[in-house]
2 protein chains.
Amino acid sequence: MDNLFDGELFARKLSQFTRLGPTDRQALTMLSGDRVRRVRARDDLIRENERPTGVKLMLSGWASRYKIIEDGRRQIMAFLVPGDICDLNVFILRDMDHSVGALTTVTFADIARETIEFVMDEFPRVAQALLWDQLVAHSIQREWTINLGRRSAFERIAHLLCELFLRLRGVGLADGQSCGMPLTQADLADATGLSAVHVNRTLQELRSQNLIVLRGRELVVPDFEALQQVAGFNRNYLHLDREGRHLDANDV
Amino acid sequence: MDNLFDGELFARKLSQFTRLGPTDRQALTMLSGDRVRRVRARDDLIRENERPTGVKLMLSGWASRYKIIEDGRRQIMAFLVPGDICDLNVFILRDMDHSVGALTTVTFADIARETIEFVMDEFPRVAQALLWDQLVAHSIQREWTINLGRRSAFERIAHLLCELFLRLRGVGLADGQSCGMPLTQADLADATGLSAVHVNRTLQELRSQNLIVLRGRELVVPDFEALQQVAGFNRNYLHLDREGRHLDANDV
DNA sequence: CGGTCCCTTGACAGCCGTCAACTACCGTGG
DNA sequence: CCACGGTAGTTGACGGCTGTCAAGGGACCG
């Protein structure tokens, strides 16, 4: 992933919720500059039952939250893209109840507990935004529940692609109608509760209806409206529309 | 539901995480005494797209978070039992992205924003516990993702019953091997992503293997170990084991 | 150039959904 | 007292969406 992260990306994400002042932005830059590390695809950033020491912020690449159940079945519960936080829960929950694994080469900032605590204490608007981020993550998780429970394979994949496209656009990683898409069909299968074979067939169906172009790790959505339509996608659960306006108050 | 709630139940739930002092408990009693209201089964406590005014705390009865998608399919994303909070997100997110509906007659405390804010400011341990509660809810949501994505109907229902049993026990609503279970087969279907007919058949299978006794709104689990086994259930995601020990510090 | 990963395709099977009818239960009202 | 309607649970027949198995192809890489 060549998209090097400069702290600006994280600010961009959080300002989807609230307006950040210059000092807020400085604080975020502090966070994302902290101890940058790198892992290769297929390595884990965090393993189940471990107790993470700090908070990890994705800078580039893709990762997934996943669990493997006894007989080897894997379920991906979330995708993590640049700007996402892996484990803010470190302050409260003792052990991880799932793993986080790199799907591509990943770089991330490994932020010390104290740094996060300092920033959250000193910059209330940043603290609010981090909380918002956490709540949106939960909301996404609920939407995945619907996706898996009540949508067909065709709808499920269309829906997931809608979501990922908007999330990537939110951090400036979608360019017009296209975005990077390093997921393999096996990854998509494990996220949508399908088999890899069926994902393959479903993608072909989506392609044949000109809803997507998916080739060489790039996704093109020629008509987002149409894709949204067949997916039954409603973006309200992403809470993207500057909901923190009421906090802007004495800004500028 | 005859189980009248006295504020003690909520404290009981939160003390699964951290030890609460006498003043903490008083604060919780203040919360659950606030404006008690009641709704009948099938009525909504909160509707999608509304902006809730306060925070709702379940006192008795069962409710569900759900969404209905265009063609009428319903998905239940969570069950709410006494001690659960419906909408703590009210401080951050503007609109509800889903509805909360009563499955039985429900009584709840309708807590004013200011009251919650006051309690969270003055009683940091309570604030921690509320945050823990929120994170556990998210963790449960992830587990539901796995349930729907990678488990068979048989495992799914067994797993859900394991979870509900432990959650009810956590608030003192399970008695030895049994607990109340007012869910209809249609409710179970909408929570597990199955059809009501298939839920019926699956329950019969669970019964015939002596894993459960389900009759007259009561669930008996004669051998929890065995049920856990067939479900592939691991309770770690409920984070029940006094994880807040490290916060006990200067207590007693 | 052999190996690995990923994608693709076909045949077949099975889990689970749909449809429809029937039973049981319960509270209401005539 | 019994008819009645509504909700919940049960059962059977049938079909389809999706999984499994297996084989092959293409791209990339050491």
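Each chain gets a letter, A, B and so on, in the order the sequences are listed, and its residues count up from 1.
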Which nucleotide in the list [options] gets nearest to the side chain of [X]?
X	options	value
B:Val197	D:dT20, C:dA20, C:dC16	C:dA20
A:Arg42	D:dG9, C:dT9, C:dC5	C:dC5
B:Arg217	D:dA8, C:dC16, D:dC21	D:dA8

Base, sugar-phosphate, or nothing for [X], non-hydrogen atoms under 4.0 angstrom?
X	result
A:Thr184	sugar-phosphate
B:Arg73	nothing
A:Gly216	nothing
A:Leu194	sugar-phosphate
B:Arg156	nothing
A:Arg207	sugar-phosphate

Under-3.5 Å N/O pairs linking protein and nucleotides 23-28 of chain D:
none

Would you mind checking if [Y] and [X] are paired as a salt bridge, meaning a charged N to carboxylate O distance below 4.0 Å?
X	Y	result
A:Arg74	A:Asp190	yes
A:Arg65	A:Glu48	no
A:Arg167	A:Glu163	yes
B:Lys13	B:Glu8	no
A:Glu155	B:Arg73	yes
A:Arg150	B:Asp71	no

Check the distance between [N]'s [atom2] and [X]'s [atom1] and give it to me in whole angstrom.
X	N	atom1	atom2	result
B:Asn200	C:dA21	CG	P	18 Å
A:Ile157	C:dC7	CD1	P	12 Å
B:Asp187	D:dT7	CG	P	13 Å
B:Phe154	C:dC15	CZ	P	13 Å
A:Leu148	D:dG19	CG	P	11 Å
B:Leu214	D:dA8	CG	P	14 Å
A:Arg40	D:dC29	CZ	C1'	16 Å
B:His198	D:dG9	NE2	P	17 Å

Q.
Counting distance alone, no hydrogens or angles: does the base of C:dG10 have a donor or acceptor under 3.5 Å from a partner atom on the side chain of A:Arg201?
A. yes
Q) When rounded to the nearest 0.5 angstrom, what is the spacing between CG in B:Leu160 and CZ in B:Phe233? A) 10.0 Å
(Q) Whether A:Gln204 contacts C:dT9 is assessed here as follows: a side-chain N or O lying under 4.0 Å from the phosphate OP1 or OP2. Is that the case? (A) yes
Q. Mapping B:Leu203 and A:Arg151 onto DNA chain D by nearest heavy atom, which one lands closer to the 5' end?
A. B:Leu203
(Q) For a quick test of reading the model, state the closest non-hydrogen atom pair linking B:Asp97 to B:Lys67 and the distance between them. (A) O-CE, 2.6 Å
